Amino acid sequence: MTSSRPSSSDDSSFDLLHPSIQRWVWSKGWTSLRDAQERAIKPILEGQRDLIIAAATAAGKTEAAFLPILTRIANAGEESALAIYTSPLKALINDQWGRLEQLCESLEIPVIPWHGDISQSRKQRFLRHPRGVLLITPESLEAIFVRRGSEAPRLFAEVMYVVVDELHAFIGTERGKQMQSLLHRMEHAATKRIPRIGLSATLGDMNLAAAYLRPGSPSSVDLIVSKAGNQDLRVQVRGYLSPAVIEDPENDSEGEDRLLGAEYAIADHLYNVLRGSNNLVFPNSRKKVEFYTDALRRKCESDSVPVEFWPHHGCLSRSIREETEKALKAGDRPATAVCTTTLELGIDIGAVKTVAQIGPGPSVASIRQRLGRSGRRPGEPAILRSYNIEQSLTDRSSFSDRLRESLVQSIAMIRLLLRGWYEPPNAAGLHLSTLVQQILSVIAERGGAHAGPLYRLFVLEGPFGGLTQPEFGELLRGLGLKDLITQDRTGLLLLGQTGEQLVGSHDFYAAFTSEDEWQIVCQGQTIGTLPISSPIFVGMRLIFAGRRWLATSVEDEALIVCVVADPGGMPPSFGGSRASTHDVVRSEMRSVLATADQVGFLDQTANALLAEARRQYADLNLSSEIVLRSGEAISLFTWRGDPTNDALVLILRGLGIERVENEGIYLIVEKYGIDRLHDALTDIAELTDVDYMRLLTDVFNMRRSKWDWALPDSLLKQSFASLHLSFSGARTAARELVSGTRR
DNA sequence: GACCTGCTGCGGGGTG
């Protein structure tokens, strides 16, 4: 116990906390509350308005929210006051339960974790006396509505606050839309407005965050933004040149090693600079995580030094992931994780020295999030090492290779990062797939519902604005056609037979899809999974969990692959599609190529590659030419993001130009004359959004989200376009390209 | 040629 006591500038906020909570704070030896904690007390105690607390990871956001929340619950005495905390991860719920339990012990406030791994008996206990703090996932909340709909009003009646942790992880996603809908339904069941508190370390646009937390009334959201200390950042971008691919791979016995040459050179460098400290390596795919973990482990073994490199990705079993997390946290010996976005989220792994990024990284926002793990100790800089592979050029090299697209993208993204820019989340998505789920869920909750009240609940008053009444009717009729819902003589909507089946099944509660997976089993222990689409056969050698295996048996029905250790192997394919690049990134890439200014953070090879790319840019005259012809192919340099390029491709196909592909910084059109292309682009420059919608073909490929199959075609196109396409970008790009294709 | 997250109720059998 310390003699000094926490105090505030006006010395009053702390005094407002419940005496037992004040004692708890003293017992922790805190000499003062953190900025965010201090500032959150009054607004939360008033309990009228919504609040976002944005502060760095270690700044005590959880306490900022819960010191005043628990004060109010404790003051309510015997009444059944309740606060609900929601989180995107079970692991986070378990973490928070530990912290809150300790704080609540003396207050005699129960803290109840509720997710798929929690026993029925604990859930039953809560259901009998719903009071205290409930820690729950959105999926479990969904399950409560579906399975215990009639109890919802009783359960939620006394909820005083809802806390949404990791708010940034929800904004703009399917799951985030589901969460908004659940919060809205909770207030409807409780017949009162429930103040919402959002927590996050990495919110960029506060207006977007406020609009997410309280749709339709962002001005009722107060903001507490705790300024982060100005962190020193050190960056190096390295270039690697891969030898030219041999024309006849059949007669190239060293083909594989040649292709991997640059990757092994990167592994060597990582081995030399990362050993002896804690670091994170992000190679952008699970397959490459396997490759680098294996390569680095073998180097340690051949040098007879302890292995310091551990794999971490979503297809590895929980126990293997926990082993890696434990190695990072332990602190007694150095550990580096080779990982995917799994270690970008809020799991506590301590501070790391370096973040290594192999290839450009999926987005600037993501790199920024990853960097938040480095340089967390006072006086230590954050260190970013970027590794980039480019191919040796031949006379058949693509524009993408000639312009060194990958290296230039890394440079552009780091320049944007240094300027403080990153991609805003797409808040304009209609998420009609999730609306289908929510309609079925409310019908199950209430045992039937009428169309009018559903429209009011979801569209007029809820989070699915932007849908007209006729469109909503069309959607309901579509659900009827698929036997998801049916209507009785009074007009009441009920679940159809298919609807009953799907709502009753255990994978109804998540808003996102999941595929079947192979279980990879070694001596009765599951070490991880592979997507059902990846080819599996007996005798197959593979690298998995950073080690080498041989598949000895495959059980087709049970989806089990048994493996034993084996010296051979290649990393398996996990599938996936290309990441979407933003307009601003592509435009920054152009300015990296168009200017001659020195980039300060490049190594020698990267410098030479950039100089070469700039020469190509000048030789191709790309500062004024945006349409290049080579043989039968026409390249359209839009220098725009994928939502724009993809929209152009789909609209062009709708106009009959079928051989067109999005190549990244340009589109490539084959076998169509420049005149035909000119006419099509002229059309695109003049059409309206509604025309574009009509032109969209290839509807099959637009089914990406869980319930898209149940949407009528026109609504599917609308939902897809709102998430993935930019018509306004396509129109602007077409206007520019029209002049480039004029003869 | 990216990534990630989540899950009920019931019946059968064992234990106290």
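Just the heavy atoms: all of them, side chains too, but no hydrogens, waters or symmetry mates, feed the values below. Proteins get letters first, then strands, A, B, ... in listed order; numbering begins at 1 in each. All values reported here derive from a predicted model rather than from experimental measurement.
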Asker: Using the side-chain hydrogen bond (donor to acceptor under 3.5 Å, both in side chains) rule, take A:Ser398 and A:Glu663 through it: C-alpha gap first, then chi angles, then the decisive distance, then the call.
Answerer: CA-CA 10 Å; A:Ser398 66; A:Glu663 295 286 316; over 6 Å; no
Asker: Indicate, with a heavy-atom threshold strictly under 4.0 Å, whether A:Pro362 touches base, sugar-phosphate, or nothing.
Answerer: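 Base contact.
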Asker: Between A:Thr137 (side chain only) and A:Thr86 (backbone N and O only), is there a donor and an acceptor less than 3.5 Å apart?
Answerer: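 Answer holds: no.
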Asker: Base, sugar-phosphate, or nothing: which does A:Gly575 touch, judged by heavy atoms less than 4.0 Å apart?
Answerer: sugar-phosphate
Asker: Any chance the side chains of A:Arg586 and A:Thr644 put a donor and an acceptor closer than 3.5 Å?
Answerer: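 Judged by distance alone, the side chains do not pair up.
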Asker: Does A:Arg286 make a side-chain N or O approach to OP1 or OP2 of B:dC3 shorter than 4.0 Å?
Answerer: yes
Asker: NA contact type, A:Asn284, heavy-atom cut-off 4.0 Å: base, sugar-phosphate, or nothing?
Answerer: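 Sugar-phosphate only.
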Asker: What is the distance from CD of A:Glu517 to P of B:dC3, rounded to the nearest Å?
Answerer: 13 Å
Asker: Between the base of B:dT5 and the side chain of A:Arg175, is there a donor and acceptor pair under 3.5 angstrom?
Answerer: yes
Asker: Of all the nucleotides listed (B:dG9, B:dA2, B:dG6), which has the minimum atom distance to the side chain of A:Ser514?
Answerer: B:dG6
Asker: A:Trp97 and A:His115: aromatic ring centres closer than 6.0 Å?
Answerer: no
Asker: Starting at atom NZ of A:Lys90, determine the distance to atom C1' of B:dT5, rounded to an integer number of angstrom.
Answerer: 10 Å
Asker: Between A:Asp507 and A:Thr340, who's closer to the 5' end of DNA chain B by nearest nucleotide?
Answerer: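 With A:Asp507 and A:Thr340 compared, the 5'-side residue is A:Thr340.
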Asker: Considering only heavy atoms and no angle criterion, is a donor-acceptor pair shorter than 3.5 Å present between the side chain of A:Ser140 and the base of B:dG6?
Answerer: no
Asker: Between P on B:dT5 and CG on A:Leu182, what's the gap in Å once rounded to a whole number?
Answerer: 20 Å
Asker: Taking any heavy-atom pair under 4.0 Å as a contact, classify A:Ser577: base, sugar-phosphate, or nothing.
Answerer: base
Asker: In terms of ring plane angle, is the pair A:Phe156 and A:Phe145 parallel, tilted or perpendicular, where the classes change at 30° and 60°?
Answerer: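 Tilted: the ring planes of A:Phe156 and A:Phe145 meet at 30° to 60°.
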Asker: So, OP1 or OP2 of B:dT8: does either fall under 4.0 Å of a side-chain N or O from A:Arg148?
Answerer: no
Asker: So, is A:Gln120 near the phosphate of B:dT8, with a side-chain N or O under 4.0 Å from OP1 or OP2?
Answerer: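 No.
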Asker: Please tell me whether A:Glu263 and A:Tyr292 have a donor and an acceptor in their side chains that are separated by less than 3.5 angstrom.
Answerer: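 Yes.
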Asker: Expressed in angstrom and rounded to an integer, what is the separation of A:Lys177 atom NZ from B:dG6 atom C1'?
Answerer: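 For the pair A:Lys177 NZ and B:dG6 C1', the rounded distance is 20 Å.
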Asker: Which nucleotide in the list B:dT8, B:dC3, B:dT5 gets nearest to the side chain of A:Ala143?
Answerer: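 Looking only at side-chain atoms, A:Ala143 lies closest to B:dT8.
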Asker: Which nucleotide in the set B:dT8, B:dT5, B:dC4 lies at the smallest distance from any side-chain heavy atom of A:Tyr509?
Answerer: B:dT8
Asker: With a 4.0 Å cut-off on heavy atoms, is A:Arg318 in touch with a base, just the backbone sugar-phosphate, or nothing at all?
Answerer: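 If one applies the 4.0 Å heavy-atom cut-off, A:Arg318 turns out to touch nothing in the nucleic acid.
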Asker: Nearest to the side chain of A:Glu139 - B:dC4, B:dT8, B:dG6?
Answerer: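 Given the options B:dC4, B:dT8, B:dG6, the side chain of A:Glu139 is closest to B:dG6.
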Asker: Measure from the side chain of A:Phe512, starting at C-beta and using heavy atoms only, and say which of B:dT8, B:dA2, B:dT5 lies closest.
Answerer: B:dT5
Asker: Taking the six-membered ring for Trp and the full ring for Phe, Tyr or His, determine whether the centres of A:Tyr264 and A:Phe291 are under 6.0 Å apart.
Answerer: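 Distance test on ring centres: under 6.0 Å, yes.
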Asker: On the nucleotide B:dC3, are OP1 or OP2 found under 4.0 Å from the side-chain N or O atoms that A:Ser366 carries?
Answerer: no
Asker: Which nucleotide in the set B:dG6, B:dT5, B:dC4 lies at the smallest distance from any side-chain heavy atom of A:Ala510?
Answerer: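 Taking heavy atoms from C-beta onward, the closest nucleotide is B:dG6.
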Asker: How many whole angstroms separate atom NZ of A:Lys288 from atom P of B:dG1?
Answerer: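 Atom NZ in A:Lys288 sits about 8 Å away from atom P in B:dG1.
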Asker: Taking atom P of B:dT8 as reference, at what distance in whole Å does atom CZ of A:Arg122 sit?
Answerer: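 Those two atoms, CZ and P, are 14 Å apart.
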Asker: Any side-chain N or O of A:Arg578 under 4.0 Å from OP1/OP2 of B:dC3?
Answerer: no
Asker: To the nearest angstrom, how far is A:Phe508 atom CZ from B:dT5 atom P?
Answerer: 22 Å
Asker: Return the 5'-most residue of the pair A:Phe574, A:His115 with respect to DNA chain B, ranking by each residue's nearest nucleotide.
Answerer: A:Phe574
Asker: Once you round it to whole Å, what is the distance between P of B:dC3 and CZ of A:Arg370?
Answerer: 11 Å
